[in-house]
Amino acid sequence: DLRQTKVTQPAIFLHSVILSRVLGKDFTPDMVAGHSLGEFSALVANRTISFDDGLKLVHKRALAMQKACELEPSTMAAVLGMDDKEVETILSTITDGIVVPANFNSPGQIVISGSMEGVKVASEKLTEAGAKRVIPLKVGGAFHSPLMQPAAEELAKAITATKFEKGICPIYQNVTGQSVTDPEI
């Protein structure tokens, strides 16, 4: 059950928030950041949104993403030992299913995401082209891919309805990589 995104996301969110709350008054960050789901716990740790609002958003996000995962079976894979541009070039040639670069973790380590067929074909082509390893990930779907668009649209409504406050420190945003202190941005 823990692999289902509707269960995984709230569990990870709770764990992350608890870690910051355990420190109590000793938790005085100079900045916060979180990747993807982690951005929600960063917003709560930063007091930009309340714990209740954070948990509600994560729950809605998890349900919306679970629904998107069920619309089309999909997956992700880590590609090791290949130049990012080369991975992108190979992915752009694939016409069987959907597959895109999802996470640029470090030079030579990129995660791809897409339909089952797209990731399967991409994994074969990337291995043939010299990737040291292509490791299928045990995930519930194609996160950070166009297959999550229905979830993004659903979550956008919930985010718009959420009250944001000025945080206790800057938060570095996923989309821009820039620090933000104004909740209106």
Side-chain angles (χ1 to χ4, degrees), residues 2-66 68 76-85 87-88 100-113 135 137-146 148-149 151-185:
L2 198 51
R3 270 199 226 145
Q4 294 180 54
T5 194
K6 67 183 181 184
V7 176
T8 307
Q9 290 191 32
I12 292 170
F13 170 79
L14 288 170
H15 181 265
S16 298
V17 171
I18 288 168
L19 288 175
S20 69
R21 295 282 170 97
V22 164
L23 294 172
K25 292 182 183 188
D26 290 335
F27 183 73
T28 56
D30 293 324
M31 57 76 61
V32 295
H35 173 69
S36 191
L37 171 62
E39 192 164 17
F40 290 89
S41 50
L43 287 165
V44 171
N46 190 34
R47 298 188 189 107
T48 302
I49 60 175
S50 69
F51 171 77
D52 290 349
D53 284 344
L55 186 56
K56 287 175 189 171
L57 285 174
V58 168
H59 182 250
K60 287 179 183 186
R61 178 183 196 262
L63 292 177
M65 291 176 77
Q66 183 73 41
M76 301 174 82
V79 181
L80 307 177
M82 182 173 264
D83 179 72
D84 293 349
K85 290 289 181 202
V87 172
E88 290 178 283
V100 297
N103 301 337
F104 294 85
N105 292 338
S106 64
Q109 185 185 85
I110 185 171
V111 175
I112 61 173
S113 181
I135 305 166
L137 301 179
K138 294 180 180 184
V139 295
F143 307 118
H144 304 280
S145 84
M148 290 294 116
Q149 189 58 36
E153 292 168 6
E154 195 171 324
L155 184 60
K157 295 172 192 170
I159 290 172
T160 301
T162 301
K163 182 175 168 125
F164 288 77
E165 302 288 343
K166 183 171 175 63
I168 60 173
C169 63
I171 180 167
Y172 282 80
Q173 300 285 283
N174 284 197
V175 174
T176 64
Q178 302 296 311
S179 70
V180 175
T181 55
D182 183 351
E184 298 299 318
I185 296 178

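Here the closest heavy-atom approach between residue A62 and residue K6 is recorded as CB-CA, 3.6 Å. Residues P146 and V100 share a closest heavy-atom pair of CD-CG2, 3.8 Å. Taking both residues in full, the closest heavy atoms of M31 and Y172 are given as CE-CD1, 3.2 Å, listed atom of the first, atom of the second, then distance. Considering all non-hydrogen atoms of both residues, E39 and N174 come closest at OE1-CG, 3.2 Å. Between G34 and A42, the closest heavy-atom pair is N-CB, 4.0 Å. Nearest heavy-atom pair across K60 and A158 is CD-CB, 3.7 Å.
Every pair tested for side chain to side chain donor-acceptor pair (under 3.5 Å) that includes a residue from residues 17-31 fails, sequence neighbours excluded, so the list is empty.
Put simply, the side chain of E165 does not reach to within 4.5 Å of the side chain of R47, judged on heavy atoms. Between V87 and P101, every side-chain heavy-atom pair lies at or beyond the 4.5 Å cut-off. Looking only at side-chain heavy atoms (C-beta outward), V111 and H144 stay at 4.5 Å or farther from each other. Between R61 and S36 the shortest side-chain heavy-atom distance falls below 4.5 Å. Contact annotation: the side chain of P29 never approaches that of N46 to less than 4.5 Å [non-hydrogen atoms, C-beta and beyond]. Taking the side chain as every heavy atom from C-beta outward, F164 and I159 approach each other to under 4.5 Å.
Proximity of a side-chain donor or acceptor of N103 to a complementary backbone N or O of N105 within less than 3.5 Å is not detected.
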Under 3.5 Å, which donor-acceptor pairs link side chains of residues 49-58 to any protein atom two or more places apart or in another chain?
unit_1 : atom_1 : unit_2 : atom_2 : d
S50    : OG     : D53    : N      : 3.0
S50    : OG     : D53    : OD2    : 3.4

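The structure places CE of M65 at 9.0 Å from CG of L155, a figure rounded to the nearest 0.5 Å. The distance from atom CG of L14 to atom CG of L19, rounded to the nearest 0.5 Å, is 11.0 Å. Here T181 contributes atom OG1 and I171 contributes atom CD1; the two are 11.0 Å apart, rounded to the nearest 0.5 Å.
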